[in-house]
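Everything on this sheet refers to the single structure shown next.
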Amino acid sequence: MKIKVGFMSLILLSGLTLAACSDEEMDHSEMNHDNPSSDEVRSLEVDLQAPESIKSGEEVQFVAHVTSNEEDVTDADSVMFEIISGEESLDMIEVDHSENGEYVLDYTFDEAGDYKVISHVDAFSLHTMPEEFVTVE
Ligand SMILES: [Cu+2]
């Protein structure tokens with residue numbers, strides 16, 4: 001299951017990054033001098049979506065929807081999901097862009113319990129890291 005999902009996101013990426021890259025390059029370099037709007041202040045918002053119910057041993061999805069100035073961010077510098085139990089950081093997983101500014105983590109909790117999930121997002125030299133508390137049954 002893991003492998004299949006990874007493979008699918010690779011296919012998605014190969015199609016999407018090309019379009020995303022050319023957009024962003026225009027924003028950042030070519031258009032920089034003639035387009036006054038590229039000087040505007042960038043925001044970095046991350047909407048972290050956790051599943052409503054989680055059972056141990058079952059794969060679930062966490063989605064970090066990344067936007068800047070109300071536009072989807074398809075090429076964030078880095079999106080890392082951190083899984084924390086109590087004081088202990090259990091996992092730190094980097095994920096690629098899926099589509100429409102969404103960065104998706106497929107994750108399976110091995111044990112029931114209370115966890116904190118943080119999505120660390122870097123883009124436009126900004127860092128935003130929303131967190132969600134989840135209970136695994
Ligand atoms: Cu962070």
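Remember, it's a predicted structure, so these values are computed and weren't measured experimentally. Counting starts at 1 for both ligands and their atoms, following the listed order.
Looking at E137 and K55, no side-chain N of the basic residue comes within less than 4.0 Å of a carboxylate O on the acidic one, giving no salt bridge.
Annotation: angle subtended at the Cu ion (ligand 1) by M129 SD and H127 NE2 is 100°, to 10°.
Nearest N, O or S atom of H120 to the Cu ion (ligand 1): atom ND1.
To the nearest 0.5 Å, the span separating CD1 on I93 from CD1 on I83 amounts to 5.5 Å.
For the pair T108 and V60, the minimum side-chain heavy-atom distance is 4.5 Å or more.
Using a cut-off of 2.8 Å, one finds that M80 contributes no N/O/S atom close to the Cu ion (ligand 1).
Checked by atom type, the side-chain pair E82/H120 shows a donor-acceptor distance below 3.5 Å.
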